[in-house]
Number of protein chains: 2
Amino acid sequence: MPVARPFVRGLTDTRALLLTTARDLFLEAGEPGFSLREVARRVGVSPAAVYRHFDGKEALIFAACTQGFEVFSSYLVRALAAPTALERALAACEQYRNFGLENPLDYRFIFMSPAEQVQPPSSQPTEPGSFVNGGAMLPQYSTFQFLVDRIRECMDAGLIARGDTKQTAVLVWAHLHGLVSLRIAGLLEAIGDAPAFAEVYRQSVARLFRGLA
Amino acid sequence: MPVARPFVRGLTDTRALLLTTARDLFLEAGEPGFSLREVARRVGVSPAAVYRHFDGKEALIFAACTQGFEVFSSYLVRALAAPTALERALAACEQYRNFGLENPLDYRFIFMSPAEQVQPPSSQPTEPGSFVNGGAMLPQYSTFQFLVDRIRECMDAGLIARGDTKQTAVLVWAHLHGLVSLRIAGLLEAIGDAPAFAEVYRQSVARLFRGLA
DNA sequence: GTCTATAGGTGGATAGAC
DNA sequence: GTCTATCCACCTATAGAC
């Protein structure tokens, strides 16, 4: 267990470097391809040094990958700046795409890995919905709940038909995830470059929302 | 290079066992976790014996995983038995879900792996759209084209609005993939068991097609 | 065709010097 | 806090006996 660190520390802090490097490697290589030695190599320290900061390989992975969730959160909250319920919902869909395309490795980690691979190492009980399940919990705020709230807002404003908010949110999420994940997997390259994909994405979302009205 | 084999051979044929075992292991563990030794262990032969049948690790993976595409094909073609264009389209969506949920490892391999991981080992040029890209080519028939054909049928019958068939097919595919891949990743367990998910899936597809009408 | 034996590489983790 | 040295497990691939 690492000792408490001083509040102010340099940007080249070894522990921080290990964290970001480990996250990158994990997202590049996946869990089986991940190696503590490679992380140490990239950072420029010996493998043994890692054990000063983390209990081992699994603890390092867990600590490192938590950061991806914070990035996702930082995208979503930007959608709250929009003035109306519909614009906030559409902006959330935009930010969802932005996050996925600008952080494909994080996206794959959060949404395209089998849930078992993304579990906390050992201590915490793997209760469904606690960490990943139920939709990528943020530190304080579920991203899935974020989407549900945007849907509810639209229902309240009469912009989409009333119904089960959670189920409607699942439909919207599946639609966004379908497009983004296929794009990230390289299966939608026929659409063209990023702006072309964004246009198709927007039209697709618009069509979906018309279908929900 | 393996010698040509007699046309009739037993079910316990080592080569066939190696193929299926390798496919299972690859889909379980992914490319980095795949090991030739583990395949040999499961089959009950020595690691060296594998080299009698395949040129090495990569050749074994490529030969083994090709089978996943044939399984996918076998599901899709069942949809052609339906009598009307709309029923064929909806049946195709049903078969898509059946394939994914009944063969989650194959599904992950085909649709949820980064395209680079699923390329032929070395000889064949990695031309876009040749093997995986552009939508999971079948031996003779693109599965994406299969979906395009079902969409076109519906347009011809006046059941959905005319438009770019390919782009509409992408929308439908993204919707199906979104639901199936999230389910496989374990992020939609809140919906309930398999029949409950199937019901949500069907309603979602129905809503999508109403939106396209 | 399959085996054993072996070479040469990766990895995780620990002990002990500094 | 970082290092070197080390141990053991696992891997790919090859050589040569049977």
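Keep in mind it's a predicted model, so treat the numbers as computed, not measured. Every chain is numbered from 1 and lettered A, B, ... according to where its sequence line falls, protein lines coming before strand lines.
Between B:Val205 and the options B:Leu90, B:Leu179, B:Val200, B:Val172, a side-chain contact (heavy atoms from CB on, under 4.5 Å) holds for only B:Leu90.
Atom C1' of nucleotide D:dT2 and atom CZ of A:Phe54 are separated by 15 Å, given to the nearest angstrom. Per the geometry, NE2 belonging to A:His53 stands 17 Å off P belonging to C:dG12, to the nearest Å.
The shortest distance between the side-chain N/O atoms of A:Arg15 and the OP1/OP2 oxygens of D:dT2 is not below 4.0 Å. Contact between the side-chain N/O atoms of B:Thr14 and the OP1/OP2 oxygens of C:dT2 is found at a separation under 4.0 Å.
Partners of B:Phe34 under the ring pair (Phe, Tyr, Trp, His ring centres under 6.0 Å) rule, at least two apart in sequence or in another chain, do not exist in this structure. Taking the salt bridge (charged side-chain N to carboxylate O under 4.0 Å, His left out) definition, one finds that B:Arg42 meets it with B:Glu28, B:Glu38, sequence neighbours left out. Remark: B:Arg88 pairs with B:Glu153 by the salt bridge (charged side-chain N to carboxylate O under 4.0 Å, His left out) rule, at least two apart or across chains. Shown here are the salt bridge (charged side-chain N to carboxylate O under 4.0 Å, His left out) partners of A:Arg202, two or more places apart in sequence or in another chain: A:Glu94, A:Glu199.
Between the side chains of B:His53 and B:Thr14, not a single donor N or O lies within less than 3.5 Å of an accepting N or O.
Ring to ring, B:Phe111 and B:Phe72 are close: their centroids are under 6.0 angstrom apart. For B:Tyr107 and B:Tyr96, the gap between ring centers is short of 6.0 Å.
Between the two ends of the helix from C:dG1-D:dC18 to C:dC18-D:dG1, each summarised by a five-pair axis, the helix axis turns through 0° (rounded to 10 degrees).
Residue contacts for A:Ser35: at a heavy-atom cut-off of 4.0 Å it reaches the sugar-phosphate backbone alone, with no base atom in range.
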Identify each atom pair where a protein N or O and an N or O of nucleotides 13-15 of chain D are less than 3.5 Å apart, giving names and distance.
from, atom 1, to, atom 2, distance (Å)
D:dA13, OP2, B:Tyr51, OH, 2.8
D:dA13, OP2, B:Lys57, N, 3.3
D:dA13, O5', B:Tyr51, OH, 3.2

